[in-house]
There are 2 protein chains.
Amino acid sequence: MKADKISELTTNRLSIYLRCLNELAHEGRKTVSSDRLAKRFHLNSAQIRKDLACFGEFGVRGVGYYIEDLREQIIRILGLDHHHRVGIVGAGRLGAALTDYYGFRQTNFEVAALFDADPEKIGSVVSDVKVFDVKDFSKVRKNEGIDVAVIAVPAEYAQKVLEMIVDAGVKAVMNFAPTPLLADDDVKLKTIDLTISLESLSYFLARPGKNGRE
Amino acid sequence: MKADKISELTTNRLSIYLRCLNELAHEGRKTVSSDRLAKRFHLNSAQIRKDLACFGEFGVRGVGYYIEDLREQIIRILGLDHHHRVGIVGAGRLGAALTDYYGFRQTNFEVAALFDADPEKIGSVVSDVKVFDVKDFSKVRKNEGIDVAVIAVPAEYAQKVLEMIVDAGVKAVMNFAPTPLLADDDVKLKTIDLTISLESLSYFLARPGKNGRE
DNA sequence: CGGAACTTGTTACCTTTTTCACATAATCGG
DNA sequence: CCGATTATGTGAAAAAGGTAACAAGTTCCG
């Protein structure tokens with residue numbers, strides 16, 4: 001198949017498949033069929049095959065997929081074999097929580113620096129990570145080789161912070177401020193909007209009877 | 001129109017519309033057309049009208065929407081006129097950050113209790129919220145009138161914690177553990193999976209040239 | 001009052017995403 | 001070696017989601 005325009009839905013599912021494979025590998029299994037994988041983790045087998053087919057033919061008919069091999073393929077596809085250095089803008093509670101977040105380490109991301117505008121925070125250290133003046137972002141970015149930025153500041157500052165981050169040359173940004181941001185097409189911006197998720201829960205609670213799986 | 005099966009994408013967008021309307025109201029505007037709203041906030045006017053049409057006819061042809069009126073309608077639709085009490089399981093950094101999260105207060109959610117298994121944390125207070133023994137979840141839930149739970153524990157405990165939460169009668173759960181969880185259809189489960197988002201960024205970084213808007 | 005200017009609600013159309021179904025290929029046991 | 005079994009990869013169908021176009025209703029202004 002080798003489609004050249006891969007949907008984000010597909011790459012998101014690759015993450016999930018990888019996790020499932022990790023679990024199976026941990027149990028000592030060697031091979032798995034798309035059907036087994038689907039049944040076990042409540043996925044759709046055709047979708048698994050199709051998602052994988054975008055990147056090559058990894059399976060063996062009659063056998064299934066070699067777990068260890070497929071794991072390595074997905075790791076390569078997702079670029080998880082490359083190390084990334086993260087700069088978190090906003091050293092409040094959220095920034096601190098993210099600095100500690102185990103998922104960063106797990107996925108080959110490393111928090112290299114925190115940034116804040118508050119003079120009381122600048123210079124301090126959170127979980128072994130130094131807090132820099134946000135004004136020095138561009139300089140620190142170069143010194144530390146930061147290639148991923150996280151926005152963990154109040155909504156009203158988010159757009160300005162994003163522009164600063166992009167001006168400094170960072171191409172991948174994760175935004176936790178509950179506001180949609182605008183960036184150029186060559187910048188990958190991923191917004192995690194807790195407010196939307198909360199209001200979605202609220203909607204459900206206001207309407208007992210309707211169900212909801214995410 | 002009055003569709004009876006509302007997509008989550010639609011309710012998510014209602015959250016966004018509400019935010020936009022808040023901003024316009026703040027500026028003192030009285031009415032707004034779907035076209036204006038769309039242009040200003042980079043949305044699609046047909047989609048706005050269609051989303052709203054699911055719930056009734058709120059606009060006036062030739063005029064547009066009365067901002068204050070539409071705000072109230074969306075607040076009602078999303079159930080944001082009801083107060084909710086939140087219990088956060090996991091009093092680590094993430095749990096603490098969420099306890100402080102301004103978005104909770106903004107959306108009529110109130111963090112009523114934290115829960116943890118660590119004896120050192122039990123009994124302590126984080127941002128005016130008491131940390132209870134996770135074993136007492138069911139009891140505390142009743143006393144405190146908790147109707148929403150947040151899972152902020154490591155992935156390996158998440159499914160067990162979810163089952164405990166559901167057994168205690170909570171029907172709306174937000175999960176931050178990077179693992180897909182299984183629950184009955186009458187429970188609304190919303191997973192915020194940072195790992196998937198990170199790996200999506202990683203995929204992008206491994207493939208310079210392809211763009212990505214979220 | 002009547003036509004021009006707006007703007008909604010809705011239908012029809014198009015695109016994307018998911019699911020189904022099956023030809024094709026590998027393995028196994030006898 | 002061959003039929004039975006297992007499973008992939010993929011094209012075709014179905015479902016979901018998004019966009020465009022327009023009839024119908026409202027206001028404005030002469």
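The sequence lines fix the lettering, A, B, ..., with proteins before strands; numbering per chain opens at 1.
- Considering only side-chain N and O atoms, A:Arg13 lies nowhere under 4.0 angstrom from the phosphate OP1 or OP2 of C:dT17.
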Just list the side-chain donor-acceptor pairs under 3.5 Å for residues 165-174 of chain A, sequence neighbours left out, or say none.
unit_1	atom_1	unit_2	atom_2	d
A:Lys171	NZ	A:Asp186	OD2	2.8

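- B:Lys5 has its NZ atom 15 Å from the C1' atom of D:dA15, to the nearest Å.
- A:Leu9 comes within contact range of the sugar-phosphate backbone alone, with a heavy-atom separation under 4.0 Å but no base atom that close.
- Classification of the A:Phe115-A:Phe137 ring pair by plane angle, with boundaries at 30° and 60°, yields tilted.
- One can place CG of A:Leu43 at 17 Å from C1' of C:dC20, the figure rounded to the nearest angstrom.
- OP1 or OP2 of C:dT8 has at least one side-chain nitrogen or oxygen of B:Ser34 nearer than 4.0 Å.
- In this entry the distance linking CZ of B:Arg49 with P of D:dG18 reads 15 Å, nearest Å.
- The aromatic rings of B:Phe104 and B:Tyr101 sit perpendicular to each other, their planes meeting at more than 60°, with 30° as the lower class boundary.
- Listed pair A:Ser7 / C:dT16 fails the phosphate criterion, with no side-chain N or O lying under 4.0 Å from OP1 or OP2.
- When each of A:Gln47 and B:Ala46 is assigned the nucleotide of DNA chain C with its nearest heavy atom, B:Ala46 is the one assigned upstream, toward the 5' end.
- Whole-Å rounding puts the B:Asp35 CG to C:dG9 P distance at 14 Å.
- For the pair B:Asp51 CG and D:dG17 C1', the computed distance is 11 Å after rounding to whole Å.
- When rounded to the nearest whole Å, the span between CZ of B:Phe55 and P of C:dT10 equals 14 Å.
- Within 4.0 Å of A:Arg36, counting heavy atoms only, lies no atom of the nucleic acid at all.
- Between the side chain of B:Asp116 and the backbone N or O of B:Ala91, at least one donor-acceptor pair lies under 3.5 Å.
- Between the CG atom of B:Leu70 and the C1' atom of C:dT7 there is a distance of 14 Å, given to the nearest Å.
- Atom P of nucleotide C:dT7 and atom OH of B:Tyr65 are separated by 11 Å, given to the nearest angstrom.
- At least one donor-acceptor pair under 3.5 Å links the side chain of B:Arg85 to the backbone N or O of B:Glu144.
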Table of protein N/O atoms under 3.5 Å from nucleotides 26-30 of chain D N/O atoms:
unit_1	atom_1	unit_2	atom_2	d
D:dT26	O4'	B:Arg61	O	3.0

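- A donor and an acceptor atom never sit less than 3.5 Å apart when one is taken from the side chain of A:Lys50 and the other from the base of D:dT10.
- Between A:Asn44 and C:dT19 there is a side-chain N or O to OP1 or OP2 distance below 4.0 Å.
- Considering A:Leu70, A:Ile74, A:Ile77 in turn, A:Ile74 is the only one that fulfils the side chain to side chain contact (heavy atoms under 4.5 Å, CB included) rule with A:Leu18.
- Relative orientation of the B:Phe55 and A:Tyr203 rings is perpendicular, given thresholds of 30° and 60° on the angle between their planes.
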